[in-house]
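Following: one structure in structure tokens, then a few remarks.
These numbers come from the heavy atoms of this one structure, side chains and all, not from hydrogens, waters or symmetry mates. Every chain is numbered from 1, with letters handed out A, B, ... down the list of sequences.
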Protein chains: 2
Amino acid sequence: MPSETIQSARRPGRPAKQAASKDQRERLLDIALELFARQGVADTTLSAIARKAGMTPAMAHYYFKTREQLFDVLIDERIMPARTDIEAIFKEHAADPMRALTLFVERLVATHVRLPWFGALWIREMISDNDIFKQHMRKRFGAEQQAAKFDAVRRWQREGKLNPQIEPALLFVSLLGLTTLPMVAVRRWQGDPLVAHIDAQVIARHAVALLTQGVGPGLAGAQGI
Amino acid sequence: MPSETIQSARRPGRPAKQAASKDQRERLLDIALELFARQGVADTTLSAIARKAGMTPAMAHYYFKTREQLFDVLIDERIMPARTDIEAIFKEHAADPMRALTLFVERLVATHVRLPWFGALWIREMISDNDIFKQHMRKRFGAEQQAAKFDAVRRWQREGKLNPQIEPALLFVSLLGLTTLPMVAVRRWQGDPLVAHIDAQVIARHAVALLTQGVGPGLAGAQGI
DNA sequence: GAATTAATTAATGAGTTTATTAATATTGAG
DNA sequence: CTCAATATTAATAAACTCATTAATTAATTC
């Protein structure tokens with residue numbers, strides 16, 4: 001036992017296979033999502049991600065080369081699937097917008113519970129001007145898709161199924177503003193007794209209450225209460 | 001004329017007084033607000049602010065020492081005044097919440113036109129977890145103020161002036177979600193013909209339409225249309 | 001008009017971040 | 001069993017950021 005200076009618990013080299021532990025690449029992605037959502041992309045270094053995952057910075061480089069590429073992978077493997085999953089509701093319920101809106105809100109909220117990083121990243125993407133987001137997202141979400149969504153809203157309005165005063169291009173942003181924004185905001189309020197009772201369910205009920213009585217076609221069409 | 005290497009157009013020293021140009025400190029604050037709003041605080045260096053203002057990094061240090069202190073100054077001199085101005089509406093119209101809400105929306109939108117940085121910074125503050133925002137804002141906005149706002153909403157609900165299904169703690173966030181978030185988002189969509197028609201007025205009308213028919217006390221109380 | 005204060009630039013050191021390389025150890029295929 | 005592929009660490013160079021200082025020039029005050 002040549003007692004040299006104990007400088008590190010671990011020396012280079014491939015480790016012995018662990019029993020069913022999640023693979024390192026996935027763990028880096030998990031932690032990257034968490035940190036990007038909490039602090040923003042700009043404020044999160046590759047080293048920080050690796051450190052928090054208990055790895056060396058070189059590991060992050062080994063798997064992703066750069067932060068940009070890591071982010072690209074996140075978009076493809078994590079963000080886009082969650083997003084298309086949520087937006088699918090409008091195709092599934094094309095005939096009944098009010099039901100679609102309610103389900104959309106509930107699925108947004110459920111997604112937030114399942115994937116806590118989801119909301120913050122979406123909001124950040126919406127407000128960031130020159131971030132990596134812009135270029136990377138644009139590639140995947142085309143203008144046609146957006147046009148189709150707006151057209152659907154206009155059609156519902158023509159059919160008398162939706163408040164004609166609603167601006168089609170703003171409906172989806174409004175939905176996010178009523179659900180995702182509160183979800184993200186309340187997390188910051190943890191520990192404040194004034195808002196201790198606000199959870200996903202409360203937010204969903206609040207949003208639906210505001211929407212069903214505001215987005216409905218008729219003025220006296222009292223479905224609620 | 002000792003022809004040395006021409007290395008800079010300007011040598012050290014206090015400049016001759018300019019004719020009524022805005023003072024440098026204010027220009028740095030202006031540009032800091034713009035960049036903080038567009039890119040976030042973390043992604044904006046003091047040097048970048050100075051460079052964009054056509055000054056050296058040392059100027060930023062001369063006036064503010066650090067980015068944190070610059071941000072402190074911004075909060076006190078720019079952000080807080082705008083914010084208290086907007087929130088004052090609820091004290092001015094304590095007896096008529098529906099009118100207060102409409103005015104609040106309109107003033108939010110007007111503020112955004114006057115101070116384009118306002119919305120993005122507010123949203124960023126709401127979603128940022130550990131940023132400088134948190135500590136600095138908490139000092140100025142106390143818990144009592146927030147409790148008073150929530151109580152006002154509850155009182156309106158008891159008086160039958162507001163939809164009882166609304167969650168008091170979420171009302172203000174919802175208002176921001178319906179106005180400020182869209183305002184910030186549309187700026188990112190510049191150049192997209194699908195949303196070229198969306199301006200401050202359109203957003204305000206959309207938000208008011210959603211709110212008046214959703215937040216009103218009675219179900220058949222058809223004030224709109 | 002001399003002394004003090006204000007405003008500015010150039011230069012720089014300390015600290016971080018990014019990206020990379022070389023060395024090392026384990027696995028798995030043939 | 002050998003060897004190529006895979007996974008990991010240590011170490012490091014280049015670039016950038018932050019904050020700071022010394023020198024320099026103009027304005028103001030007395």
With respect to the side chain of [X], which nucleotide from [options] is positioned closest?
{"X": "B:Thr66", "options": "D:dA19, D:dT9, D:dT21", "value": "D:dA19"}
{"X": "A:Leu46", "options": "D:dA19, D:dT17, C:dA19", "value": "C:dA19"}
{"X": "B:Tyr63", "options": "C:dT18, C:dT8, D:dA10", "value": "C:dT8"}

Nearest-Å distance for atom pair [atom1]/[atom2], residues [X] and [N]:
{"X": "B:Asp23", "N": "C:dA6", "atom1": "CG", "atom2": "C1'", "result": "12 Å"}
{"X": "A:Phe64", "N": "C:dT18", "atom1": "CZ", "atom2": "C1'", "result": "16 Å"}
{"X": "B:Met55", "N": "C:dT8", "atom1": "CE", "atom2": "P", "result": "7 Å"}
{"X": "B:Arg25", "N": "C:dA6", "atom1": "CZ", "atom2": "P", "result": "14 Å"}
{"X": "B:Asp43", "N": "D:dC18", "atom1": "CG", "atom2": "P", "result": "10 Å"}
{"X": "A:Arg67", "N": "C:dT18", "atom1": "CZ", "atom2": "P", "result": "5 Å"}
{"X": "B:Glu68", "N": "D:dC18", "atom1": "CD", "atom2": "P", "result": "12 Å"}
{"X": "A:Met59", "N": "D:dA11", "atom1": "CE", "atom2": "P", "result": "18 Å"}

Are OP1 or OP2 of [N] and a side-chain N or O of [X] less than 4.0 angstrom apart?
{"X": "A:Tyr62", "N": "D:dT8", "answer": "no"}
{"X": "B:Ser47", "N": "D:dC16", "answer": "no"}
{"X": "A:Thr56", "N": "D:dA10", "answer": "no"}
{"X": "B:His61", "N": "D:dT20", "answer": "yes"}
{"X": "A:Gln24", "N": "D:dA7", "answer": "no"}

> Do B:Leu210 and B:His206 come close enough that some side-chain heavy atom pair is under 4.5 Å?
Replying inline: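 The answer is yes, as the side chains (C-beta and beyond) meet within the 4.5 Å cut-off.
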> Should B:Met126 and A:Val184 count as side-chain neighbours, where that means a heavy-atom distance under 4.5 Å?
Replying inline: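 No, every pair of side-chain atoms sits at 4.5 Å or beyond.
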> With a 4.0 Å cut-off, would you call A:Arg107 and A:Asp85 a salt bridge?
Replying inline: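 Yes, this pair counts.
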>> Do B:Thr180 and B:His112 pair up side chain to side chain, a donor and an acceptor below 3.5 Å, judged on atom types alone?
In response: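 The criterion, which ignores hydrogens and geometry beyond distance, is not satisfied for B:His112 and B:Thr180.
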> Taking the six-membered ring for Trp, are the ring centroids of A:Phe150 and A:Phe172 within less than 6.0 Å of each other?
Replying inline: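 Judged by ring-centre distance (under 6.0 Å), A:Phe150 and A:Phe172 do not meet the cut-off.
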